[in-house]
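Inspection log for the structure reproduced underneath, given as structure tokens.
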Protein chains: 4
Amino acid sequence: MGAVKTKRMPRAVREQQMLDAAVRIFGQRGYMAASMDEIAELAGVSKPLVYLYLNSKEDLFTACIRREATALTAAVRAGVRQELPADRQLWEGLRAFFAHTAEHPDGWSVLHLQARTHGETFAAEVAAMRAELVTFVTRLVVVAAREAHRDPGLPEREVAGLAEALVGAAESLAAWANATPGVTARQAAATLMNFAWSGLGTLMSGRVWAPPGEET
Amino acid sequence: MGAVKTKRMPRAVREQQMLDAAVRIFGQRGYMAASMDEIAELAGVSKPLVYLYLNSKEDLFTACIRREATALTAAVRAGVRQELPADRQLWEGLRAFFAHTAEHPDGWSVLHLQARTHGETFAAEVAAMRAELVTFVTRLVVVAAREAHRDPGLPEREVAGLAEALVGAAESLAAWANATPGVTARQAAATLMNFAWSGLGTLMSGRVWAPPGEET
Amino acid sequence: MGAVKTKRMPRAVREQQMLDAAVRIFGQRGYMAASMDEIAELAGVSKPLVYLYLNSKEDLFTACIRREATALTAAVRAGVRQELPADRQLWEGLRAFFAHTAEHPDGWSVLHLQARTHGETFAAEVAAMRAELVTFVTRLVVVAAREAHRDPGLPEREVAGLAEALVGAAESLAAWANATPGVTARQAAATLMNFAWSGLGTLMSGRVWAPPGEET
Amino acid sequence: MGAVKTKRMPRAVREQQMLDAAVRIFGQRGYMAASMDEIAELAGVSKPLVYLYLNSKEDLFTACIRREATALTAAVRAGVRQELPADRQLWEGLRAFFAHTAEHPDGWSVLHLQARTHGETFAAEVAAMRAELVTFVTRLVVVAAREAHRDPGLPEREVAGLAEALVGAAESLAAWANATPGVTARQAAATLMNFAWSGLGTLMSGRVWAPPGEET
DNA sequence: GATGAATGAGAGTTCATTCAT
DNA sequence: TATGAATGAACTCTCATTCAT
């Protein structure tokens with residue numbers, strides 16, 4: 001286990017090795033339970049070198065979050081072809097999302113589980129990525145309405161809420177798919193697409209479920 | 001800060017105080033970062049007493065999970081009136097769920113975030129609760145289908161996936177509602193209900209969104 | 001396990017129950033590893049009562065040592081009939097000694113092993129018992145010589161040394177016999193008697209092994 | 001008190017310092033009463049370093065046992081010249097044994113007292129050493145018998161019992177010699193040799209002391 | 001005569017972090 | 001560029017001991 005011990009590598013390479021190791025350990029053990037010893041060993045370097053390059057456990061974790069968040073948003077962006085209709089774009093985005101999280105389960109664990117359980121600082125790092133995904137979905141909903149030559153029929157804030165819900169559902173499903181043997185990324189994407197698009201479609205067609213008026 | 005230091009309480013009372021403190025600390029710091037010292041102090045007792053009554057950090061955490069899980073499922077069940085139609089039951093269940101988690105944020109943090117990031121044992125405890133909630137939702141779907149004289153036609157795993165999605169969406173919306181001025185938890189619940197019910201309704205009516213056949 | 005929980009016993013009886021429990025626990029676990037909790041539980045009383053009657057762990061251990069030491073010397077004394085010849089007296093003494101240590105292995109463990117590994121105070125308690133046994137053996141050797149109408153032919157100090165050796169050998173053998181399955185007390189006594197008496201006999205007949213004169 | 005605090009020593013050296021300190025503390029206080037803090041301080045290092053090098057208290061104790069056992073058997077073996085007759089070899093072995101244990105009282109305490117009072121694991125470590133010494137003595141007896149053109153005729157278990165007796169006698173004598181003014185360790189050794197050799201000699205000549213047949 | 005409730009003090013162990021080279 | 005040597009601080013857990021009834 002662990003990288004082969006090769007000496008005198010350029011800094012950039014070494015740093016990536018360390019981040020690889022760190023993401024794996026952090027993703028599997030969590031921030032607190034992860035030990036710098038284990039990370040250094042898995043990276044095939046000595047502990048002082050990790051500190052030399054990445055300063056502290058906190059900085060190392062932050063670097064992991066940033067790298068994984070960037071990679072994830074890039075993957076989603078790369079998976080979408082903007083010339084297609086909105087539902088296809090959403091489908092492709094979801095597929096790219098689930099494919100990436102399935103291929104990088106530790107990275108996703110870092111982003112979705114570990115970073116949210118240890119203080120505001122780390123959570124804020126993830127929030128930026130989240131915001132980007134929400135914006136992407138929101139745009140799609142608006143585009144879909146325009147394609148149907150119709151106003152979405154929903155106030156702007158409701159659209160934002162729906163986008164939040166969708167992203168949250170996707171995040172949860174990704175973790176579930178990774179943890180449940182036999183569930184492929186594609187199946188998870190289909191389940192969500194089905195649910196989300198049907199729900200959105202119904203909503204946009206004007207059939208809104210009305211909450212009862214009583215108060216409690 | 002902390003409970004008032006009252007001496008010589010009967011065991012049952014002290015245990016609840018300890019669990020209160022533990023849920024708070026575990027919910028905010030996470031399992032690993034929480035220290036028994038801090039929990040004991042917040043509970044207003046000495047550390048040995050915590051160990052005398054609750055055995056170990058692990059057992060204490062398990063006790064927290066169990067108590068909070070029981071409380072949550074009880075709240076949801078209590079919020080639902082079975083004589084109502086299925087959509088109203090789901091609405092009430094969601095409202096009870098949102099209300100309870102909003103009033104017990106630390107408990108919810110324990111169940112949803114902390115217990116899932118530290119070992120199979122804890123995750124299994126939560127899984128039991130989740131299974132109960134999923135059963136509740138599933139029953140509603142079946143009832144709804146019966147009311148519409150139709151078979152729901154959803155395989156078991158699909159239901160589990162939808163439950164994951166729903167919980168993820170709910171969380172997401174709750175956080176968003178808290179963070180966005182002018183959006184109440186009730187409105188967030190309505191948005192989710194809208195989304196979920198429309199989605200489920202469409203699925204049950206057989207109108208399934210078809211993923212394109214191409215491979216990438 | 002443990003005594004049946006009977007309430008309101010006279011003090012003397014309760015004390016013996018506590019000592020019984022303490023000897024067992026101390027003998028098996030050692031002084032440090034024994035816990036007052038375990039002792040109290042085995043005695044069938046609450047911990048405060050142990051403290052009320054026996055003051056402290058140290059005092060409790062001392063009481064154990066005293067009781068067991070007294071019982072052992074009494075047993076040896078009771079086993080010997082002074083009207084018999086010296087070799088028979090030694091044999092009977094050894095048999096009584098090995099029989100008692102075999103029947104009270106925990107008591108013997110307390111005296112021979114545990115009391116010697118924790119500070120001068122406890123060791124001193126055992127020393128008194130030891131002195132008594134040494135005196136007994138010494139007297140026998142002198143008597144044996146007188147019976148043979150001969151001066152032992154050994155200086156007084158040599159006799160004292162031999163007695164020390166014999167007692168040490170007996171102590172060691174007793175522990176060994178208790179720890180070795182299949183070795184009876186009688187066999188151990190015979191082995192030692194054989195060895196000791198033959199050795200002593202040879203010595204008294206004047207055939208002394210001469211240490212070489214060289215110095216190193 | 002304690003070793004002079006020298007920094008940055010090679011690992012092997014530090015390990016020996018730690019073992020030195022550990023043998024001293026374990027020998028004087030016993031396994032349970034010894035604290036890792038005290039050992040570390042006496043060794044002139046911090047506690048974590050002790051754990052880094054020796055893993056745990058248990059491993060540290062085992063390492064002590066092994067080192068001291070090896071040293072003792074080596075000392076005995078080194079003290080014996082095989083070309084001499086058996087009685088001289090035994091004498092030399094005893095002297096080496098006495099000399100070594102007198103010079104390393106803490107080591108001897110670890111081997112003889114402390115290791116036997118705490119669990120099977122430690123006792124087994126000592127048993128190996130003891131077996132080696134017993135083998136040595138046994139060989140001498142066999143050699144002596146061959147020199148006398150006779151079969152020793154002692155069953156294996158009898159030999160083990162005699163070895164126990166011998167060690168117990170030796171200890172006893174050593175302690176007595178230390179406590180009695182005017183008695184040197186060498187004289188004590190001679191007394192023991194006398195006792196042991198005469199006893200063995202008599203036994204081998206077939207003159208066995210017969211225990212009386214009565215039962216009690 | 002007897003105990004449920006409670007704790008100060010200290011144990012073994014681990015970890016993020018740094019120094020000296 | 002890279003590391004073997006080293007530690008302060010904190011953690012979980014246990015224990016002998018006492019108080020209030």
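Values reported hereafter were calculated over all heavy atoms of this structure, with side chains retained and with hydrogens, waters and symmetry mates removed.
The interatomic distance linking Phe61(A) (CZ) with dA16(E) (P) rounds to 13 Å, in whole Å. To the nearest angstrom, P of dG12(E) lies 16 Å from CG of Leu49(D). One can place CG of Leu60(A) at 16 Å from P of dC15(E), the figure rounded to the nearest angstrom. Distance Tyr53(D) OH to dT13(E) C1': 18 Å, rounded to the nearest Å. Between the CG atom of Leu54(D) and the P atom of dT13(E) there is a distance of 12 Å, given to the nearest Å. Distance, Glu41(A) CD to dC15(E) P: 13 Å, rounded to whole Å. In this structure, the CE atom of Met9(D) is 17 Å from the C1' atom of dT7(F), given to the nearest Å.
Ring centers of His104(A) and Trp108(A): at least 6.0 Å apart, outside the cut-off.
Remark: Ala21(A) pairs with Ile39(A), Leu42(A), Ala43(A) by the side-chain contact (heavy atoms from CB on, under 4.5 Å) rule, at least two apart or across chains. Taking Thr70(C) as the reference, nothing meets the side-chain contact (heavy atoms from CB on, under 4.5 Å) condition, with sequence neighbours excluded. The side-chain contact (heavy atoms from CB on, under 4.5 Å) check on Met129(B) picks up Ala69(B), Leu72(B), Thr73(B), Leu111(B), Val126(B), with sequence neighbours excluded. With sequence neighbours left out, Phe122(A) forms a ring-ring contact (aromatic ring centres under 6.0 Å, His included) with Tyr31(A), Phe61(A).
Contact annotation for Arg11(C): no contact, since no heavy-atom pair falls under 4.0 Å across all strands.
Residue pairs meeting the salt bridge (Lys or Arg N to Asp or Glu O under 4.0 Å) criterion with at least one member in residues 108-120 of chain A, sequence neighbours excluded, do not occur. Judged as a salt bridge (Lys or Arg N to Asp or Glu O under 4.0 Å), the pairs with a partner in residues 51-66 of chain C (not counting sequence neighbours) are, in order, Arg66(C)-Glu125(C). For residues 34-54 of chain B, no residue pair satisfies the ring pair (Phe, Tyr, Trp, His ring centres under 6.0 Å) rule, not counting sequence neighbours.
A stem is defined here as three or more consecutive Watson-Crick or G-U pairs, each with both distances under 3.5 Å; for DNA chain E these stems are E:2-21 with F:2-21.
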Its contact letters, B for base, S for sugar-phosphate only and - for none at protein heavy atoms under 4.0 Å, make nucleotides 14-21 of chain F read BBSBBB--
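Between Lys47(D) and Glu41(D) there is no salt bridge, since no side-chain N of the basic residue sits under 4.0 Å from a carboxylate O of the acidic one.
In terms of phosphate contacts, Arg14(A) brings a side-chain nitrogen or oxygen within less than 4.0 Å of OP1 or OP2 of dA2(F).
Where Leu52(D) and Pro10(A) meet DNA chain F, the nucleotide closest to each residue was compared, and Pro10(A) sits on the side nearer the 5' end.
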